[in-house]
Amino acid sequence: MIEVNGLTKVYGDKTAVAGVSFTVRAGQVTGFLGPNGAGKSTTMRMIMGLDRPTSGSAMVNGLPYVQHKAPLREVGALLDAKAVHTSRSAYNHLLAMAATHSIPKSRVHEVIEMTGLEAVARKKAGGFSLGMGQRLGIAAALLGDPQTLILDEPVNGLDPEGVVWVRNLVRYLAGQGRTVFLSSHLMSEMAQTADHLVVIGRGRVIADAPIQDIITGKGQSRVRLRTDQPDRLHQLLAERGATIASPERELLEVTGLDPRNIAALALENQVMVYELTPLVASLEEAYMELTKDDVEYHSLPAAEVSHS
Amino acid sequence: MSSTTTESFPPREPAASPAGPGARNAGQSLPGPTFLRVLNSEVIKFRSLLSTLILLASTAVVMVGFGALSAWGTGQFADAANRDPQAAARMAAQGGDLAVSVPTSGIAFAQLILGSLGVLLMSSEFTTGMARSTFAAVPRRLPAFAAKLVVVMVTSFVVTAASTWVAGLVAVPVLDNYGLKLDLGSSQSVKLLLVNSVYVAAVAAIGMALGTLIRNSAGGIMSLVGIFFVAPIAFQLIPGDFFTEARKYLPGNTVEPLTAAQHVPDTLEAWQAGLVLGAWVVIPVLLAGILLKRRDV
């Protein structure tokens with residue numbers, strides 16, 4: 001379990017993390033979602049005692065990370081796929097890490113096998129692809145067989161097979177009752193991996209809820225309908241307080257009324273409807289909705305670049 | 001969606017990690033990073049880098065090479081001195097025994113190489129990102145710093161002492177050709193070997209402190225070169241008593257008073273030189289340790 005309380009990090013006049021509080025529970029995968037520059041990595045480094053918080057605290061399994069007697073056996077972390085000396089082989093890197101906690105060589109071989117690094121374990125880590133680097137980072141995180149795992153962007157640079165592998169691995173580890181906390185800026189990845197989401201933007205927690213709540217709660221459900229009398233139906237729906245968008249002629253997207261009520265309204269007024277589809281907001285839409293005001297680096301909307 | 005794929009994992013999860021969460025509380029007593037374990041880790045890190053081994057080998061080659069060259073040069077000089085009264089006078093001014101310092105004649109290069117090694121061992125932690133792994137494993141940080149310091153100082157001492165010894169073995173027959181005697185067991189020989197080796201270990205420690213403070217390989221090595229090669233020359237060129245006096249306190253100028261058979265004028269007393277060299281090691285190392293503990297990794 002990870003408890004973060006009022007964690008703040010200020011660099012000069014820039015606040016990277018502003019009073020973040022959340023709890024990561026055991027037995028589930030908690031996603032840490034946010035756009036680039038939102039403060040995810042900084043928060044994770046503070047949990048790991050690498051960066052000193054300006055204020056606030058982070059506890060792992062009841063103690064600050066620094067105070068654990070055997071930290072690698074308590075928490076395994078992948079903070080950066082490049083947290084390796086580029087000229088050292090993967091095997092020696094893991095061996096040196098293991099030596100600090102008297103973790104036996106057999107465990108080093110085990111994690112190498114688990115992460116599929118056998119073929120490259122004796123090669124210099126500097127020559128690794130990003131994907132291999134991620135696997136090495138995950139191997140290092142697993143060395144101490146820790147109860148808690150903190151993985152910063154673990155699927156970054158992995159091929160599709162690797163992405164599925166990480167997804168299954170973290171679900172498996174959470175299934176064993178471990179605490180798994182992983183960050184990503186890819187909402188689609190979170191939708192498939194996480195049980196619980198902490199969404200962060202500009203150093204603040206925007207949402208902290210089970211993933212289902214985030215999908216259904218914040219992104220309101222909409223209904224798409226097609227009719228040959230769009231103007232008349234538009235007026236009728238608006239009178240009932242619905243919000244209506246009309247991306248094209250004869251197509252309406254209605255927010256605020258459920259399909260049953262819309263159908264009843266159309267029947268009452270003898271308006272023919274030839275499509276009525278409930279749209280469940282994707283997590284991606286919910287995420288964009290949540291963070292649209294909190295993105296540090298805005299890009300032009302695609303609509304302004306190409307067609308609408 | 002995810003639940004459908006969960007069961008397929010893991011094909012290869014070994015049975016050897018049975019510890020689910022239940023076994024965890026017992027984990028309190030499992031081994032953590034004690035100093036000896038961290039030292040072992042630093043030794044593994046040290047010997048698993050090719051660049052480190054190359055620097056150590058270079059030191060040995062340079063020390064032995066310069067020992068041989070210097071033996072030959074000294075022989076030539078002594079030969080000339082037998083015929084040339086002027087050279088004889090110069091030789092006499094040096095105390096007459098040139099041969100004894102032959103084995104350590106490459107020490108300036110050994111200090112540069114091993115001092116740079118000290119810088120690199122720490123700066124590369126930061127430039128490669130390894131520091132995040134190192135200090136995640138040893139979050140108290142100072143044990144890792146101390147272990148690295150022990151590794152670099154002991155290695156520097158041993159490599160310098162061993163290559164000085166070998167340089168001496170190579171020099172003896174060369175000097176013998178010119179009728180010069182070099183007794184490697186004499187107290188002055190042993191003193192030169194030990195003091196120079198301690199000195200190079202000190203330079204390596206200063207290098208490591210610089211690497212920790214500056215966190216940049218080029219910056220650290222340039223600072224080292226500044227202290228050991230530029231400052232002594234610059235201080236000599238700048239007029240004024242202050243610089244003449246200050247020059248004595250540079251770390252590179254502590255070796256002569258520490259090894260001289262008799263006190264050489266315009267140098268520190270041996271005990272002063274020892275204290276000065278000690279301060280040159282202790283102050284940067286303490287500063288580096290304090291800042292390492294405080295700064296973000």
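A quick note: this is a predicted structure, and the numbers were derived from the prediction, not measured. Just so it is clear: chains get the letters A, B, ... in the order the sequence lines come, proteins before strands, and each one is counted from 1.
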Colleague: Measuring only between side-chain heavy atoms, which start at C-beta, is Arg132(B) closer than 4.5 Å to Met48(A)?
Modeller: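 In short, these two side chains do not touch, never coming nearer than 4.5 Å.
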Colleague: Using 0.5 Å steps for rounding, measure from the CG atom of Leu30(B) to the OG atom of Ser102(A).
Modeller: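 OG of Ser102(A) is found 10.5 Å from CG of Leu30(B).
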Colleague: At what distance, to the nearest 0.5 angstrom, does CE of Met130(B) lie from CG of Asp80(A)?
Modeller: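 Rounded to the nearest 0.5 Å, the CE-CG separation comes out at 12.0 Å.
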Colleague: Is the closest side-chain heavy-atom distance between Pro31(B) and Arg73(A) below 4.5 Å?
Modeller: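 Side-chain contact under 4.5 Å: yes.
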Colleague: What is the distance from atom OG1 of Thr134(B) to atom CG of Leu50(A), rounded to the nearest 0.5 Å?
Modeller: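 Rounded to the nearest 0.5 Å, the OG1-CG separation comes to 10.0 Å.
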Colleague: Using heavy atoms and a sub-4.5 Å threshold, report which of residues 83-91 of chain A line up against chain B, by residue number.
Modeller: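 So far as heavy atoms go, Ala83(A), Val84(A), His85(A), Thr86(A), Ser87(A), Arg88(A) are the residues that approach chain B to under 4.5 Å.
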Colleague: Please tell me if the side chains of Lys82(A) and Thr128(B) come closer than 4.5 Å, counting only heavy atoms from C-beta onward.
Modeller: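 Side-chain contact under 4.5 Å: no.
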Colleague: As a quick check of understanding, evaluate side chain to side chain contact (heavy atoms under 4.5 Å, CB included) for Tyr11(A) and Asp296(B), giving each step before the final call.
Modeller: CA-CA 11 Å; Tyr11(A) 296 106; Asp296(B) 291 347; 4.2 Å; yes
Colleague: Which one wins on heavy-atom pair count under 4.5 Å against chain A: Thr34(B), Leu39(B), Leu49(B)?
Modeller: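 Result: the option with the highest number of such pairs is Leu49(B).
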Colleague: Between Arg37(B) and His101(A), does a side chain to side chain contact (heavy atoms under 4.5 Å, CB included) hold up when you go through it step by step?
Modeller: CA-CA 7 Å; Arg37(B) 294 193 185 109; His101(A) 285 59; 5.7 Å; no
Colleague: Assess the residue pair Met97(A) and Ser41(B) against the criterion (side chain to side chain contact (heavy atoms under 4.5 Å, CB included)); give the C-alpha distance rounded to whole Å, side-chain angles, the decisive distance to 0.1 Å, and a yes or no.
Modeller: CA-CA 7 Å; Met97(A) 297 276 291; Ser41(B) 171; over 6 Å; no
Colleague: Hey, which residues of residues 138-153 of chain B are touching chain A, say heavy atoms under 4.5 Å apart?
Modeller: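 Under the 4.5 Å heavy-atom cut-off, Val138(B), Pro139(B), Arg140(B), Arg141(B) qualify.
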Colleague: Looking at Val43(B), Ile44(B), Leu36(B), Val38(B), which one has more heavy-atom pairs under 4.5 Å with chain A than the rest?
Modeller: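 Option with the top pair count is Ile44(B).
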